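Input: a single structure, listed below in structure tokens.
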Amino acid sequence: MSVSFCGLELAHPIINGSGTFDAIAAARAFADDLREAFPFAAYVSKTITLEPRAGNAPPRLWETAAGLINSIGLPNKGLEGYLAEDLPQLAGMTTVPQPGAEPRPVPVITNVMGSTTHEFSALVEACEARSEIAALELNVSCPNVKTGLDIGADPLQLEQLVRAVRGLTRKPLIVKLTPNTADVAACAQGAQEGGADAVSLINTLRAMALAPAEREAPGGHRAWLGGRTGGLSGPAVRAVALAQVAAVAARVAVPVIGMGGVQSGAHARELMDVGATLVAVGTESFREPAAGARIARELGDTARAEPAISEESVR
Amino acid sequence: MSVSFCGLELAHPIINGSGTFDAIAAARAFADDLREAFPFAAYVSKTITLEPRAGNAPPRLWETAAGLINSIGLPNKGLEGYLAEDLPQLAGMTTVPQPGAEPRPVPVITNVMGSTTHEFSALVEACEARSEIAALELNVSCPNVKTGLDIGADPLQLEQLVRAVRGLTRKPLIVKLTPNTADVAACAQGAQEGGADAVSLINTLRAMALAPAEREAPGGHRAWLGGRTGGLSGPAVRAVALAQVAAVAARVAVPVIGMGGVQSGAHARELMDVGATLVAVGTESFREPAAGARIARELGDTARAEPAISEESVR
Amino acid sequence: MSRAPLHRRLLTVSGVDRLGSYLVVRVDDPGGPQPEPGQFAMLAASERWGGGEDERPYLSRAFSVARRRGSESHFLLEDVGPGSRRLSELRAGERLWMLGPLGRGFTAPSAGRRAILVGGGVGIAPLAILQDTLEQDATVLLGFRDRERAEGAALLDAAIVATDDGSSGHHGLVTDLLAQEIERDPAAVVYACGPAGMLEGVRAICEVGAVPAQLALEAGMACGFGACFGCVVPRRGGGYLRVCVDGPVIDAAELDHVDAHAGAPA
Amino acid sequence: MSRAPLHRRLLTVSGVDRLGSYLVVRVDDPGGPQPEPGQFAMLAASERWGGGEDERPYLSRAFSVARRRGSESHFLLEDVGPGSRRLSELRAGERLWMLGPLGRGFTAPSAGRRAILVGGGVGIAPLAILQDTLEQDATVLLGFRDRERAEGAALLDAAIVATDDGSSGHHGLVTDLLAQEIERDPAAVVYACGPAGMLEGVRAICEVGAVPAQLALEAGMACGFGACFGCVVPRRGGGYLRVCVDGPVIDAAELDHVDAHAGAPA
Ligand SMILES: Cc1cc2nc3c(=O)[nH]c(=O)nc-3n(C[C@H](O)[C@H](O)[C@H](O)COP(=O)(O)OP(=O)(O)OC[C@H]3O[C@@H](n4cnc5c(N)ncnc54)[C@H](O)[C@@H]3O)c2cc1C
Ligand SMILES: Cc1cc2nc3c(=O)[nH]c(=O)nc-3n(C[C@H](O)[C@H](O)[C@H](O)COP(=O)(O)OP(=O)(O)OC[C@H]3O[C@@H](n4cnc5c(N)ncnc54)[C@H](O)[C@@H]3O)c2cc1C
Ligand SMILES: Cc1cc2nc3c(=O)[nH]c(=O)nc-3n(C[C@H](O)[C@H](O)[C@H](O)COP(=O)(O)O)c2cc1C
Ligand SMILES: Cc1cc2nc3c(=O)[nH]c(=O)nc-3n(C[C@H](O)[C@H](O)[C@H](O)COP(=O)(O)O)c2cc1C
Ligand code: FES
Ligand code: FES
């Protein structure tokens, strides 16, 4: 079950999706020693920005058919606060692959987002200096200040961004792609050309919800979410994730972290069958905080299947 | 309840999504006189191409969490066959808004797709000559032969295509947008610039399914669908549809036909609240062939709500 | 062919009986048209249709009418996934949505010709209502995976049984029995429903023997009334047939082969 | 604060009792930690969680522990949507998933100070287990929309009731009663749970009277353990509090106002 990813040795292929598991809050909420038997093989932090962010006004959640829309707004302490207060608490966690097995270290992957190349550079440089951080994930679902479109939706912009920060770190550089684009494989290729060591997908699909008739609409004009629009995740998006991961894995040579609606080892296996090296679990952890460990166990039980599918087969 | 759309007077705002209701087959399957009490206010044909198409190899369907993936492959008799055999049978249908009410005519909207501007032109010209056709819908979810990307995913290509065919018809020209793009509002604007009288969305989200372990994979490399990838529809996509329809309606001046996962009058009302003039029902008709009539009735009962939401409010 | 009302009907389950590893679900359908042998209905539980394996089912599911008794339609269910499981949980008094009867059924044999009914697994369902309506006695050959499934044979009269594991009846394929029967009576007419492999066997045997065969096919269906074009099987000479409206009962002569996905759950 | 096992537990419903328009669902939780007053659990039916209104529910739902009797945890349910409806359908012997106990509960009043418990609608739930654990008698003020809901007051002892429609007890708001009580005893400590409007009323009254108040808030929750950052309310002085981990019981002094979405179903 143990797997190597960009030079990291992981106990198993199941990690968390950024922003879907707060290890520090969970360590307080749960009696079991979460830090010693962490449910994931690696820990991905929520997105960290240069300055602290309070996040969006509530409501931030809306449940859909087999899915969840979130409009959280990337609340975080900012780079300094994260490095000073959170990172030390995130370092040194271990996971136990099977009951009774040797505890294995849980590397920390820090997810960062800037609104400009300068901000990304500052974030990457600061993380490079910290030994507790095993790898970096760039959240490029950030609007280009001019076009208003996500930087990650444009292969060329993405390539330039990655190239600009690539030189600033020796740590593995993962690019978290946006699914809200015409050709995610081209974006993945752009990230690869720019020097990414891996890509991860899918992030949430842009979605919206209106307030129930009887309730006021905090987002204005009937919009329920304080942030007006949000991102869809959960089982509802799994088939879209499978198609995008397959298209990306067929196009790029770098390893792929697949995610989107994974609820079981069988779902994780499907993403690996189309070419993912690691699988991230997000929304399912909300229903079951130990989902990562369960899915890793189930994955171990599922039979190995055929290799990644080829480019043509996903056209 | 009656509504006017691009000069057409419709009994109510509920129509079918292209390719989700075969009025000719239904007239044979059902005892009630479908032609006299049609469930929709207008009839949208499935996509017609210049040459006949057999469609994709089976399996063509996969059920997902609250959704359906289809990989039908646009089977149709081709332009000639459609105009000669089908169109005469589709003309002259009526709908009955409420029990006992006056029957109202059901205009035929013909949906066409070409792989080149030439093909689109030939299709539009031929339809222009037929009085039974009240309006045209262009399915632009067709891969550009060079780039492999959907023509409809690129605002500029789309504008050029629409401009090229606009001059060939005086009938209302609807452009069916693809949701698989970074900025659907920009695509809608392109269609408007090119001369479209209306836009419709969302089409299905690109998705994929793998064969169950115990079954062979007709698509090859574990892919279940004969066409390998397909399109996701149904309740799973409704929140994405709402966001895209809101973004488009806030951007363009032409009327919008909203669709995607609509199951009830409340769902239709939500699409209209964010700016849709008409609402199309697709997958829900599969569970309930009379869904269109029910939804129109429920819509009539729901209270009028606030006006379309503004551009900022959907950013 | 009986045609369905456009409006699906909210009906009540009048009873459920176990039959080996299958269930016979009886649904009271007073207003509904008389289904013809081979026709099917789209069924969905009226409550909690969803929330099962992989957050399914969502679409309705197709089931052959196995029998009609007065205003009751009977369905033979095998639990193979979230939809059939949910329907299997229904108890007397609970309700379900029904759309139907749908599709083209069997055509009776011309007078004097013997009918051979060949069924496999849960695919025996439409043969029961066919047997009910045949004027003269038919030969009934039913194949099952094992003994528990073979108890399903009680759905028909005077069935000759074959099991894959030999746990009851002939040890082997039901198509072995068919081959013998056809040798004995080349003038017979064959009616078959079952797994794709069995149907292809039946088709091949009948082709060789120049025996007319009507095959009740199955295919994943979203709508059941020709709307989605999802339920197709390749037609002899090219193109596809929609199982829901061109079938489910299709003349073997229209097929080159039976598609691997066009059969009942094995 | 009692902490939850990381693994959610598959538990059995030992019984369900009607209480006016509410249900008391009793769940047998032998292994589970003792919940503290004000803590909650995330619940989901183990079967058919989904397939309801708008194909929901999908996520678990948060419910205050209303009472603990031996190994039984009691929950007070009001059917307001697909999740609470599904849980309301559970019968004795059926099972549900439970994660908990979660969140920060109430802190007992310092010796000698009287506790005033103010509840509104289904929000009375956490006040019952609080009353069970208080050393000295507390004053209990409960507000309801109508008579049938007011029957829920039986969950607590010696409750003084107010109804919006005057159908039972004081005709008016429960906050009217609170104002009087505080005038009588400014040294009291207030514990409140209910609709956002009521909680804001309680907060304002206590602020004016300089009476300490602990408010049990509610908010739409996806996880219940701090993972999603979805359940926030604005904190006095800027920023947000996560109701699930910083609450649900929050000192009124931490709030400028009670967010319109931070209350129990009205
Ligand atoms: C005309 C007709 C008549 C029928 N008559 C009967 C009958 O009388 N009795 C009876 O028991 N059955 C009958 N069937 C079959 C029945 O419709 C299916 O068994 C049922 O739909 C299975 O649904 P499910 O949710 O239980 O299982 P599913 O899991 O939906 O389907 C089971 C099979 O479908 C495939 N599958 C798995 N997952 C998916 C997915 N997500 N989407 C699509 N396919 C999937 C797999 O191959 C699996 O083996 C009939 C089918 C047709 C078309
Ligand atoms: C800490 C805490 C303790 C609680 N204790 C109790 C208790 O003891 N007893 C009790 O009955 N309830 C309690 N609740 C409330 C309970 O969790 C909700 O009533 C329940 O989650 C509603 O879910 P539902 O599916 O029944 O209805 P939903 O429809 O999910 O929710 C009802 C309300 O949520 C909003 N809403 C509607 N649709 C959606 C949607 N798609 N996504 C998000 N919001 C939506 C609307 O405003 C609606 O009025 C508590 C909540 C919290 C946070
Ligand atoms: C509540 C919530 C918060 C999220 N926050 C972040 C984030 O901060 N950064 C990020 O890159 N992705 C974020 N995501 C996206 C997830 O990491 C993941 O890509 C997505 O949810 C799909 O996986 P899932 O369906 O398993 O949840 C968030 C998702 C959710 C549901
Ligand atoms: C089986 C199926 C076939 C479809 N065929 C077409 C088509 O031929 N042309 C087209 O423009 N859209 C087609 N669509 C897309 C629908 O018209 C509609 O845009 C989409 O399904 C979203 O609506 P819904 O969720 O209500 O189904 C098809 C959808 C389905 C499910
Ligand atoms: S099931 Fe839809 S066409 Fe046959
Ligand atoms: S419910 Fe997820 S953080 Fe509070």
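All of these numbers come straight from a predicted model, not from anything done at the bench. Lettering of chains follows the sequences in order, A, B, ..., and the numbering in each one begins at 1.
Ranked by heavy-atom pairs under 4.5 Å with chain C, the list B:P39, B:A293, B:P289 is led by B:P289.
For a heavy-atom cut-off of 4.5 Å, chain C lies close to B:A54, B:G55, B:N56, B:A57, B:P58, B:P59, B:R60, B:L61, B:E63, B:T64, B:A65, B:A66, B:G67, B:L68, B:I72, B:P75 in residues 51-76 of chain B. Proximity to chain B among residues 51-71 of chain C is limited to C:D54, C:E55, C:R56, C:P57, C:Y58, C:L59, C:S60, C:R61, judged by heavy-atom separations below 4.5 angstrom.
When heavy atoms are compared at a cutoff of 4.5 Å, C:A260 approaches chain B by way of both its backbone and its side chain. Looking at B:R215, only its side chain comes within 4.5 Å of chain C, counting heavy atoms on both sides. Heavy-atom distances place both the backbone and the side chain of C:A4 under 4.5 Å from chain B. Residue contact with chain C, scored on non-hydrogen atoms closer than 4.5 Å, involves the backbone of B:A27 exclusively. Heavy atoms closer than 4.5 Å to chain B are found in the side chain of C:Y240, but not in its backbone.
Judged purely by distance below 3.5 Å, without hydrogens or angles, the side chains of B:E137 and B:T110 never pair a donor atom with an acceptor atom. Donor-acceptor pairing under 3.5 Å is lacking for the side chains of C:S84 and C:E78. For the residue pair C:E36/C:S2, the side-chain donor-acceptor check at 3.5 Å is satisfied. Judged purely by distance below 3.5 Å, without hydrogens or angles, the side chains of C:D28 and C:T12 never pair a donor atom with an acceptor atom. When only modelled atom types and interatomic distance are considered, B:S233 and B:T283 share a side-chain donor-acceptor pair under 3.5 Å.
For the pair B:P107 and B:L10, the tightest heavy-atom approach, listed with the atom from each and the gap, is CG-CD2, 3.5 Å.
The aromatic rings of C:Y22 and C:F144 lie tilted to each other, with the angle between the two planes from 30° to 60°.
Between C:H7 and C:W97, the distance from one ring center to the other does not fall under 6.0 angstrom. Between B:F286 and B:F21, the distance from one ring center to the other does not fall under 6.0 angstrom.
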